Amino acid sequence: MCGIIGFTGLKQASPIILEGLSRMEYRGYDSAGMAVISPQNRMQLAKVSGKVAGLYEKTDNGAAFPGVCGIGHTRWATHGAPTEANAHPHVSMHGQFAVAHNGIIENFVPLKEELLAKGYTFQSQTDTEVVAQMLEDCYEGDFQKAVETVLSRIEGSYGFAILCADDPGTIFAVKKNSPIILGLGEGFNLFASDVTALVEHTREVVYMEDGQYAKVTPDSVELFAEDGSPLPLKVSHVSLSVAAAEKGGYEHFMMKEMMEQPEAVGRALSPRIKGGEIVLDDFRLTKEDFNKFTKIVITACGSAYYAGLAGKYAIEKFCRIPVDVQLASELRYADPFIDEHCLLIVLSQSGETLDTIAALKECKARGATVLAIVNVVESAITKLADSVLYTWAGPEVAVATTKGYTTQLAVLYLFAVYAARVLGRLDAEQYASVIRELQALPEAVRNALKTDCDMSNLAQYFKDAQHVFYLGRNTDSALAMEGALKFKEISYIHAEAYASGELKHGTIALIEEGTPVVAVCTNPALLEKSLSNIIEVKARGAVVTAVVPEGLPGSEAIEGYADHCIKVPALRDVFASIAAVVPLQLLAYHTAKLRGCSIDKPKNLAKSVTVE
Ligand code: F6R
């Protein structure tokens, strides 16, 4: 995701900022920029669309930007394309303030309208530029007061670095739901959104907490609470190597990305739920459009296809529109029954998967309206779709998708509830209750991560297996497929998913003494059926790990039969996969780790499959 750095001291700021931005490149970004206050107290600004290398070039490795105080940013586009104009920092109309921002300003539209009415002009499509203009608008000679005034008016999540040309040497750092770490030095101080950008300069750091802001000068760092009251600095010592710090201290990107899922799911959902309503600002389909759709087709590849299979249950349940889920690599050659009465939902983390693009084009040519649910902003699929809902998962580095998948589920659930409301299938009371359930999903994902230790222990039983079976019914059968894929792609152990009722129609003979079976049983209505499938495989010698919701009445019988029982947060059946997938991801991870596999880059696989 985006990276922020700020430096103030006696040394030249530009080289330190450029180096800090390079250190944060691994996080993924699509444009970069920096602002440095010149010795004449002028705001110097350089921005590029593309790599930090372009910023080095543009500023002659920083030499063209003299000055000892500045900020820098790498941007992963959300509001607006990854152009130079949209890159951060954003400077206020008269060059007084420069702002770099990670996160989203949720109420930027009314704030922007207010500023436009006052005659402010905007250079970018970003939410962030509003903050720079607001600072200038309320500035009366007191930098700190202006920052406090603006903070009291904005809503959303943010990490900010703020410069004021009138107050050279001072930078304000602000944190709310987006990390900022202050680095303490001698004769300088700096801060960044990622500890990797600090460790070259200092190992004494302060992890800012939500709602805090800091005034950073070369010889002091003052921390304040939201109400302006001063706070003590809690200094920590960082002993991480730079390489370890890039992975947030985790051994692998996959683990880091699994652990990021609560925040990622929150980012996908919470900015789109406002005042108890789902508001899809970035969505262009009207009620009339919905009414003309007689069916929905979801197309995708791999895990995204499995997310589609799980999403089908939510859409059909809430909207009562038939949903057909098709592999993109098949759909493109299937001569499909698609016309202008079809809504095609295309799911893709990368937005660049060739088969998915081909299926999209094929269906579009037949008249379908296309909604893309994509993570990477401005990727190829977003340009072809009629409407785009971003998953806002942030960059995913590990080849095996984790937060990419859970955020796809989150957006599909959101879409299902939104469409049902538009179609009049949910009354006000039902709608309010489902919204509350959606709002609880990030916390459910966080709680599901608590299974990490259990899954790490369980991996001991799986690491020497030849074959593993994953079973489930309805949404759990879709989840079983995702669980099996994750397991085989990184551990290289053969795994197969079966709709629980299907095993006896063929492959049950493969269950032998000691065969590990993972039975996902999240649906309260199907508990008894799941239990009989567990008994069936146990009778043939399977060692069963059951995944069941916490406190589900009737689940004691499953606990009694299963050899291992993993508890996940209880959710409505059609939302259950988003939490229940977490132990399956963790099981795959720990098994692969015990087998010494290359977890982040499994053999023969690429992160983005741009070939057929
Ligand atoms: C599996 C995995 C792949 C992708 C698939 C589609 O862990 O990551 O199966 O889900 O290649 O990729 P996107 O979503 O980028 O279209």
Side-chain angles (χ1 to χ4, degrees), residues 28 252-258 260-261 264 268 298-311 325-332 344-361 363 370-385 388-412 470 478-493 495 497 577 581-582 584-589 591-592 597-612:
H252 300 98
F253 280 107
M254 183 177 172
M255 182 52 98
K256 173 176 177 276
E257 287 158 9
M258 285 190 285
E260 284 169 353
Q261 291 181 107
I298 301 180
T299 194
C301 299
S303 289
Y305 168 71
Y306 298 141
L309 284 178
V325 189
Q326 301 223 17
L327 285 166
S329 53
E330 288 294 313
L331 180 63
R332 61 185 295 193
L344 181 80
I345 301 181
V346 175
L347 291 176
S348 176
Q349 186 283 130
S350 62
E352 301 289 348
T353 302
L354 191 89
D355 283 324
T356 311
I357 293 174
L360 185 165
K361 286 183 176 162
C363 297
V370 181
L371 163 65
I373 298 178
V374 171
N375 189 31
V376 179
V377 173
E378 296 285 309
S379 51
I381 288 177
T382 68
K383 310 256 169 66
L384 297 166
V388 181
L389 286 175
Y390 285 111
T391 56
W392 293 333
E396 201 176 53
V397 178
V399 165
T401 184
T402 52
K403 61 176 181 168
Y405 171 86
T406 40
T407 51
Q408 282 167 351
L409 287 183
V411 175
L412 282 169
Y470 284 73
L479 181 53
M481 292 184 208
E482 171 60 6
L485 172 61
K486 213 89 307 172
F487 191 83
K488 60 191 151 191
E489 79 175 312
I490 60 169
S491 76
Y492 313 144
I493 296 174
S577 302
V581 72
V582 172
L584 307 188
Q585 297 168 340
L586 290 164
L587 179 64
Y589 173 86
T591 307
C597 300
S598 161
I599 292 183
D600 285 336
K601 291 196 174 114
K603 64 183 173 198
N604 302 339
L605 289 178
K607 184 67 190 156
S608 178
V609 185
T610 52
V611 291
E612 191 173 354

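Note that the numbering runs from 1 along the sequence shown for the chain. Remember, it's a predicted structure, so these values are computed and weren't measured experimentally. Read the numbers this way: they start at 1 and go in the same order the structure lists the ligands and their atoms.
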Practice problem: Determine yes or no for a side-chain-to-main-chain donor-acceptor pair under 3.5 angstrom, with Tyr492 supplying the side chain and Lys603 the backbone. | Solution: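 It does hold such a pair.
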Quiz item: Under 3.5 Å, side chain of Glu352 to main-chain N/O of Ser379, donor-acceptor pair present?
Solution: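 Absent.
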Self-check item: Pair Thr401, Gln349: side-chain N/O donor-acceptor within cut-off below 3.5 Å
Solution: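 Note: Thr401 and Gln349 side chains miss the donor-acceptor criterion.
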Practice problem: With heavy atoms under 4.0 Å as the rule, classify the contact between Thr353 and ligand 1 as side chain, backbone, both or neither. | Solution: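 For Thr353, the contact with ligand 1 is made by the side chain alone.
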Quiz prompt | Proximity to ligand 1 by part of Glu489, non-hydrogen separation under 4.0 Å | solution =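 Contact part for Glu489 vs ligand 1: side chain (C-beta onward).
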Practice problem: Examine ligand 1 and decide if any of its atoms is less than 4.0 Å from a heavy atom belonging to Lys486. | Solution: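 For ligand 1, residue contact (heavy atoms, under 4.0 Å) with Lys486 is present.
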Practice problem: Return yes when Val376 approaches ligand 1 closer than 4.0 angstrom through a heavy atom, no otherwise. | Solution: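 The answer is no, since Val376 has no heavy atom less than 4.0 Å from ligand 1.
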Hey, which atoms in ligand 1 end up nearer than 4.0 Å to a heavy atom of [X]?
| X | result |
| --- | --- |
| Ala304 | 10 (O), 14 (O) |
| Gln349 | 13 (P), 14 (O), 15 (O), 16 (O) |
| Val399 | 8 (O) |
| Ser348 | 13 (P), 14 (O), 15 (O), 16 (O) |
| Ser350 | 13 (P), 15 (O), 16 (O) |

Practice problem: Kindly write out the residues that satisfy side chain to side chain contact (heavy atoms under 4.5 Å, CB included) with Ala588, not counting sequence neighbours, or none if the list is empty. | Solution: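 Counting only residues at least two positions away or on another chain, Ala588 forms a side chain to side chain contact (heavy atoms under 4.5 Å, CB included) with Lys486, Phe487, Ile490.
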Quiz item: Partners of Lys361 by side chain to side chain contact (heavy atoms under 4.5 Å, CB included), sequence neighbours excluded?
Solution: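 Partners of Lys361 under the side chain to side chain contact (heavy atoms under 4.5 Å, CB included) test: Ile357, Leu384.
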Quiz item: Do the non-hydrogen side-chain atoms of Leu360 and Thr299 ever get within less than 4.5 Å of each other?
Solution: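 The answer is no; the side chains never approach within 4.5 Å.
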Exercise. Check each of Thr402, Leu586, Asp600 against Met255 using the side chain to side chain contact (heavy atoms under 4.5 Å, CB included) test, and report the only one that passes.
Key: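 The passing option is Leu586.
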